[in-house]
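Single-structure report; data block below.
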Amino acid sequence: MSYDNDNIFAKILRSEIPSERVYEDDATLAFMDIMPRADGHVLVIPKGAARNMLDATPEQLAACLVTVQKIAHAQIKAFNADGTTLQQFNEAAGGQEVFHLHYHVLPRHEGIRLRPPGTMEKPELLKEHAEKIRQALS
Ligand code: AMP
């Protein structure tokens with residue numbers, strides 16, 4: 001399985017399609033999932049090419065997890081969350097739909113289930129949630 005330079009997250013990295021970015025550093029980018037399964041659902045990706053966890057370098061994996069931790073802390077602060085769920089899927093059989101390595105970081109509240117996948121969020125609400133996370137990071 002090879003890396004496709006034209007996958008949707010590669011296009012987001014090149015700013016060829018819009019995204020609601022909340023954080024970036026030299027190695028990683030974090031942005032809002034357009035179909036959030038919880039308010040504040042963020043995706044963390046490496047800036048370099050990696051199809052998924054199976055072909056990623058140790059450096060990419062490490063950089064992503066450092067950013068995941070930053071985002072999780074910011075989400076907990078921004079949404080007064082009780083916990084965090086981290087999801088990461090590999091290949092279609094593993095549930096992966098976009099073939100650029102990504103981590104789902106989901107703020108969780110006691111007793112509240114994740115929403116089913118597949119419902120687009122209103123751009124204004126994504127913006128509002130992103131702003132809360134950006135403020136918590138600053
Ligand atoms: P998966 O590969 O199964 O981890 O799922 C891909 C995730 O990417 C889903 O949660 C989608 O809602 C999300 N997604 C797909 N396209 C975009 C996009 N253009 N911007 C932000 N998130 C996206």
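Indexing begins at 1, ligand by ligand and atom by atom, following the structure's order.
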The single option from I71, T67, I133, D33 that satisfies side-chain contact (heavy atoms from CB on, under 4.5 Å) with V105 is I71
Margin query: Main chain of A78, side chain of Q135: is a donor-acceptor contact present, judged purely on distance under 3.5 Å?
Written below: no
* When the aromatic ring centroids of H129 and F79 are compared, is their separation below 6.0 Å? -> yes
Out of D33, T119, I17, the nearest non-hydrogen contact to atom 10 (O) of ligand 1 is supplied by D33
Note: heavy atom closest to atom 14 (N) of ligand 1, options I34, N7, L126, N52, belongs to I34
For F89, the ligand 1 atoms with a heavy-atom partner under 4.0 Å come out as 3 (O), 4 (O)
So, the side chain of R134 versus the backbone of R21: is there a donor-acceptor pair under 3.5 Å, distance only? yes
Discussion item. Closer than 3.5 angstrom, by distance alone: can the side chain of D55 be matched with the main-chain N or O of N52 as a donor-acceptor pair?
Written reply: yes
Margin query: Looking only at distances, can you tell me whether any N or O atom of G95, backbone or side chain, sits closer than 3.5 Å to an N or O atom of ligand 1?
Written below: yes
Notebook entry, point to check: M32 near ligand 1, heavy-atom distance under 4.0 Å?
Noted result: yes
among protein heavy atoms, the one nearest atom 2 (O) of ligand 1 is E97 N, 2.6 Å
**Request:** Give yes if a backbone or side-chain nitrogen or oxygen of I8 is under 3.5 Å from a nitrogen or oxygen of ligand 1, and no if not.
**Result:** no
For this session: Could you tell me whether H102 and H104 have their ring centroids closer than 6.0 angstrom?
Result: yes
Inset, instruction - Identify whether the distance between the nearest side-chain nitrogen and carboxylate oxygen of E128 and K122 falls below 4.0 Å. - result: no
Logged contact type for H104 with ligand 1, heavy-atom cut-off 4.0 Å, is side chain
Here the atoms of ligand 1 under 4.0 Å from any heavy atom belonging to I12 are 18 (C), 19 (N), 20 (N)
Note: H102, heavy atoms under 4.0 Å from ligand 1, region reported as side chain
min-distance protein heavy atom vs atom 8 (O) of ligand 1 -> F9 CZ, 3.4 Å
Exercise. Within a strict 4.5 Å, meaning less than it, do heavy atoms of the D25 and K47 side chains meet?
Worked result: no
